[in-house]
Amino acid sequence: MNKTLNQLSGSQEFIQRHVGPDADETQKMLDYLGVSSLDELIEQTVPNKIRREEMNLPSSRSEQQALEDIGVYASENKVYRSFIGMGYYHTKTPTVILRNVLENPGWYTAYTPYQPEIAQGRLEAILTYQQMTMDLTGLDLASASLLDEATAAAEAMAMAKRVSKNKKSNQFFVDEDAFPQTIDVIKTRAAHYGFELIFGKAKDAANHDVFGAFVQYTNRYGEVIDLQEVISQLQANKAIVAVAADIMSLVMLKAPGEMGADIVLGSSQRFGVPMGFGGPHAAFFATSEKHKRAMPGRIIGVSIDSNERQAYRMAMQTREQHIRREKATSNICTAQVLLANIAAFYAVYHGPQGLKDIAHRIHRLTGILAHALQEKGLQLVNKSYFDTLTIDAGDQRDEIIARAAEAKINLRVDDNGQIGLSLDEVTTEQEVQKLYSVISGDDSGLDLVSLDEKARAHESFEKGLLREKDILTHATFNTHHSETEMLRYLKHLENKDLSLAHAMIPLGSCTMKLNSTSEMLPVTWKEFGHIHPFAPASQTMGYQKMIEELESWLAEITGYDAVTVQPNSGAQGEYAGLLAIRGYHESIGEGHRNICLIPSSAHGTNPASAQMANMKVVIVNCDDKGNIDFEDLKAKAEEVSENLSCLMVTYPSTHGVFEETIKDICSLIHEHGGQVYMDGANMNAQVGITSPGLMGSDVSHLNLHKTFAIPHGGGGPGVGPIGVKSHLKPFLPNHAVRKLQGTGENNGAVSAAPYGSAGVLPISWMYCAMLGKEGLTHSTKMALLNANYLTKRLSEYYPILFTGRNDKVAHECIVDLRPLKAETGITEVDIAKRLMDYGFHAPTMSFPVAGTLMIEPTESEPFCEIERFAEAMISIKKEIEKVASGEWEKGNNPLTNAPHTQFDLLNWNKPYSIQEGAYPVQGQQDNKFWPTVNRIDDVYGDRNLLCSCPSPEDYR
Ligand SMILES: *Cc1c(COP(=O)(O)O)cnc(C)c1O
């Protein structure tokens with residue numbers, strides 16, 4: 001009653017919404033841990049010598065205030081009509097998909113489908129994406145998405161080297177008429193793989209003795225080139241041919257796979273995904289089945305469950321970084337699942353006929369404009385076209401640009417003075433008229449009908465290039481076309497998946513915290529969504545200011561001097577950071593340094609990225625407490641001193657403790673002339689309390705999709721900015737199309753877009769703005785409290801693998817299941833699947849130690865949910881005891897048969913009750929999350945690889 005006005009506004013504070021436990025619960029947890037305050041807990045947990053001073057950041061603000069503030073930035077972005085093209089197009093996200101997928105936490109808060117029994121919805125959606133990719137590219141194997149078109153092209157180059165039979169060549173051909181950002185990223189990668197690039201016109205590619213070639217169809221000027229002959233010539237010389245293709249044009253044009261291409265890739269952005277100033281967008285990637293082992297990225301495949309019913313899961317994971325490490329096919333971990341889903345749904349929504357209508361309309365409008373301009377005497381540079389025209393504007397160029405600006409239209413302006421434009425799904429007849437006036441300066445009305453007739457009588461590309469084969473014949477693409485159907489289809493898939501909207505997802509190292517609604521709202525505002533990445537800088541001031549501010553906040557948080565947001569995943573950040581280290585060493589005449597020390601416990605992306613940066617990985621041991629074995633590190637560093645490039649270290653360690661020796665570790669590496677790369681995926685344990693910079697590290701990536709509230713999207717998008725100390729700043733990535741300030745002018749790009757996945761940066765901006773310095777620090781403390789509380793609760797029942805000072809853990813803990821397994825035969829997999837029966841997603845399994853679960857509750861989980869999880873784990877322990885005592889049959893009990901499904905209920909044939917098996921918790925009778933399939937057989941799926949949509953008749 002006697003509260004001040006300020007106190008009364010307390011309930012408006014975002015901090016209290018972001019953090020799970022309230023004050024009373026916090027006290028209860030502190031009491032349980034035997035500490036008097038949060039600060040005492042932190043003192044006991046975090047070594048004093050690495051504690052930081054208060055961060056120099058703005059104070060917390062309310063959700064309303066933050067939305068108003070970011071609204072000011074939004075208003076400083078000018079939403080012009082962009083006809084720039086170059087891989088980015090205006091598109092209409094069908095509103096049923098916008099609201100029910102892109103803006104729906106049921107979709108965007110899910111995790112990568114490592115637990116496929118509770119992820120069948122998005123696995124089916126990604127399989128649909130793969131099917132769409134196969135149909136459009138004309139190849140028989142597609143992956144589940146890569147990060148963007150440019151990195152997909154670079155992956156294609158690396159894959160070509162792996163599979164090419166031309167072993168003696170180190171040369172790779174690149175189409176000089178490909179998009180400049182794609183060429184930029186290929187150059188960056190090639191330099192570190194040691195490949196020599198040969199540039200030329202696509203038709204001349206076969207004049208060179210190369211292991212592979214990359215060409216673009218249709219090229220940056222809009223030309224549609226018949227590739228058949230050059231592909232067969234290249235292949236006759238044992239070269240692998242990769243083709244980048246525009247997804248919309250593929251609806252109408254002959255598939256590159258049909259012309260014999262080995263790899264076809266591109267961006268699926270214009271299938272309903274907003275431009276977002278450059279991303280996030282999913283890249284598609286297809287090849288032929290014979291190359292399946294060499295394919296980069298994830299692949300979804302079909303398998304069966306324990307009732308022999310069809311089920312989906314990630315296939316052939318043995319190619320990937322978390323298993324193969326430096327020998328993996330790529331360093332990709334987080335990809336672009338949410339965006340791939342949206343593109344697949346766009347195809348489902350429109351169906352084959354709808355897509356053809358869209359593509360043909362774009363093409364016809366382009367024909368009308370081409371003819372109108374030519375009749376006016378303007379010269380087209382490209383002789384053939386699908387949707388893109390390049391105009392030799394001569395001395396009228398500046399006038400045209402001025403008229404376009406006046407009309408709020410963006411055209412493509414090439415270095416050589418030519419002007420270009422690409423039409424898109426949104427283009428209207430009025431816009432064609434307007435484009436004509438802007439370019440020709442002639443305001444007289446066009447006779448669209450007669451121009452259309454002339455255009456159609458004329459061959460806009462070689463007849464042989466018209467697609468003849470049907471696309472999207474699968475029933476999925478031919479059923480859900482009314483909005484009611486579509487809504488139910490989306491909901492049907494969503495209901496199969498467990499997301500943060502259902503329960504805590506306690507994945508260690510993944511930080512599945514709250515993705516708040518206020519953080520998400522600005523993402524789909526048109527002022528952020530509808531901005532082309534290459535729009536003139538004067539139109540993107542809001543984005544630039546927002547990004548600059550976010551980068552400065554992240555620099556303050558990490559204790560670094562500069563941050564770039566260009567890398568679009570954590571693994572890409574690692575790569576960018578290692579390149580910065582390489583650049584620095586070269587600049588001081590020590591370019592020979594190429595050894596990367598990596599502790600045995602490291603995340604798989606670390607060695608995979610080191611390999612891509614042409615470094616040699618040397619493994620450092622960990623001691624039995626999970627810390628880096630300092631003596632081993634010392635010995636190895638001495639041994640390789642001369643050639644030591646860097647150490648990659650995760651902090652707090654992957655084992656979830658604050659290592660005491662981290663400062664000494666950093667000094668040791670520096671003494672040997674090496675640099676320290678600190679993997680910042682575990683930043684959630686550091687923000688406001690310590691920092692990588694303070695500990696002596698030189699460079700780190702952050703996972704904005706872990707610590708800074710960008711949702712996981714079911715396996716992407718991600719943002720992996722890197723922070724660096726000032727000596728590395730000149731070696732941060734730049735960009736060929738939009739030059740960035742503050743880094744080396746000629747540095748290459750690591751992503752297609754200058755600011756990477758800029759479209760989701762408002763989420764992290766909102767997160768930092770609303771929490772402010774107090775809230776960010778409080779969140780870290782509460783993450784440590786939740787983790788330590790849960791650890792202590794579980795430690796009475798399970799051994800905890802590693803603890804640090806005063807028996808405390810950092811933000812996560814590892815439960816050791818190996819002794820139980822040895823004693824009872826119950827495995828970590830049984831426990832992970834059994835948790836599904838209790839309504840939970842399993843913690844991280846067998847990383848970083850096989851036979852364990854790594855649990856991270858985050859600050860956002862409420863006390864009641866942490867208790868519910870603890871109770872589930874305790875109850876499972878008691879179940880295991882029943883197996884041990886013989887009360888339950890070995891190999892046929894609720895653990896080994898988990899998860900249980902509604903299908904089981906129909907034919908209950910188990911030696912335990914339905915209650916014990918399927919309803920282990922009180923209250924589940926009324927409301928229970930059901931896995932839709934039983935335990936999935938991984939081996940069967942890999943032996944009988946099927947990565948396309950099975951026909952409905954096959955559905956058992
Ligand atoms: C998640 C993670 C990464 C990789 O990040 P992605 O965005 O998935 O590429 C790297 N290191 C650690 C320790 C991680 O937990």
TODO: Give a yes or no on whether the ring-centroid distance for Y108 and H712 is below 6.0 angstrom.
DONE: no

TODO: Hey, could you give me each pair passing salt bridge (charged side-chain N to carboxylate O under 4.0 Å, His left out) that has a residue in residues 601-620? Not counting sequence neighbours.
DONE: none

Task: Under 3.5 Å: donor-acceptor pair, side chain of Q566, backbone of P733 - done: no

Task: Step-by-step side chain to side chain contact (heavy atoms under 4.5 Å, CB included) determination, D262 to V243 - done: CA-CA 8 Å; D262 300 288; V243 178; over 6 Å; no

Task: side chain to side chain contact (heavy atoms under 4.5 Å, CB included) between T137 and F284, intermediate numbers included - done: CA-CA 9 Å; T137 58; F284 60 86; 3.8 Å; yes

Open item on the list: If we ignore hydrogens and angles and just use 3.5 Å, is the side chain of S164 paired with the main-chain N or O of K238 as donor and acceptor?
Closed with: yes

TODO: Kindly assign one of parallel, tilted or perpendicular to the pair F847 and H603, based on the angle between their ring planes and the thresholds 30° and 60°.
DONE: perpendicular

Open item on the list: Does the Lys NZ or Arg CZ of R313 fall within the cation-pi geometry relative to Y940 - under 6.0 Å from the ring centre and within 45° of the axis?
Closed with: no

Open item on the list: For L853, is there any backbone N or O sitting under 3.5 Å from a side-chain donor or acceptor partner on E828?
Closed with: no

Task: D629 side-chain N/O to D623 backbone N/O, donor-acceptor pair under 3.5 Å - done: no

- [ ] Answer yes or no: is there a donor N or O on one side and an acceptor on the other, between the side chain of T188 and the main chain of D184, under 3.5 Å?
- [x] yes

Task: Check: Q336 side chain, H281 main-chain N or O, donor-acceptor pair, under 3.5 Å - done: yes

In a table with atom names and distances, give each donor-acceptor pair under 3.5 Å that connects a side chain of residues 290-297 to protein atoms at least two apart or in another chain.
none

- [ ] Starting from the C-alpha separation in whole Å, work towards a yes-or-no answer on salt bridge (charged side-chain N to carboxylate O under 4.0 Å, His left out) for K636 and E639.
- [x] CA-CA 5 Å; K636 296 254 161 77; E639 206 174 296; over 6 Å; no

TODO: Give the intermediate values and the outcome of side chain to side chain contact (heavy atoms under 4.5 Å, CB included) for residues L578 and M648.
DONE: CA-CA 9 Å; L578 294 174; M648 289 186 95; 4.1 Å; yes

Open item on the list: Ring centroids only, cut at 6.0 angstrom: are F195 and F211 within range, meaning strictly under it?
Closed with: yes

Open item on the list: I'd like to know if the side chain of Q321 reaches the main chain of A328, judged simply by a donor and an acceptor atom lying under 3.5 Å from each other, with no hydrogens or angles considered.
Closed with: no

Open item on the list: Would the distance check show the side chain of T151 and the main-chain N or O of S751 forming a donor-acceptor pair, the cut-off being under 3.5 Å?
Closed with: no

Open item on the list: For the residue pair N594 / N614, report whether a side-chain donor-acceptor contact shorter than 3.5 Å exists.
Closed with: no

Task: Pair M683-N703, side chain to side chain contact (heavy atoms under 4.5 Å, CB included): steps then yes or no - done: CA-CA 8 Å; M683 202 62 207; N703 292 64; over 6 Å; no

TODO: Indicate whether any N or O donor in one side chain lies under 3.5 Å from an N or O acceptor in the other, for E856 and T511.
DONE: yes

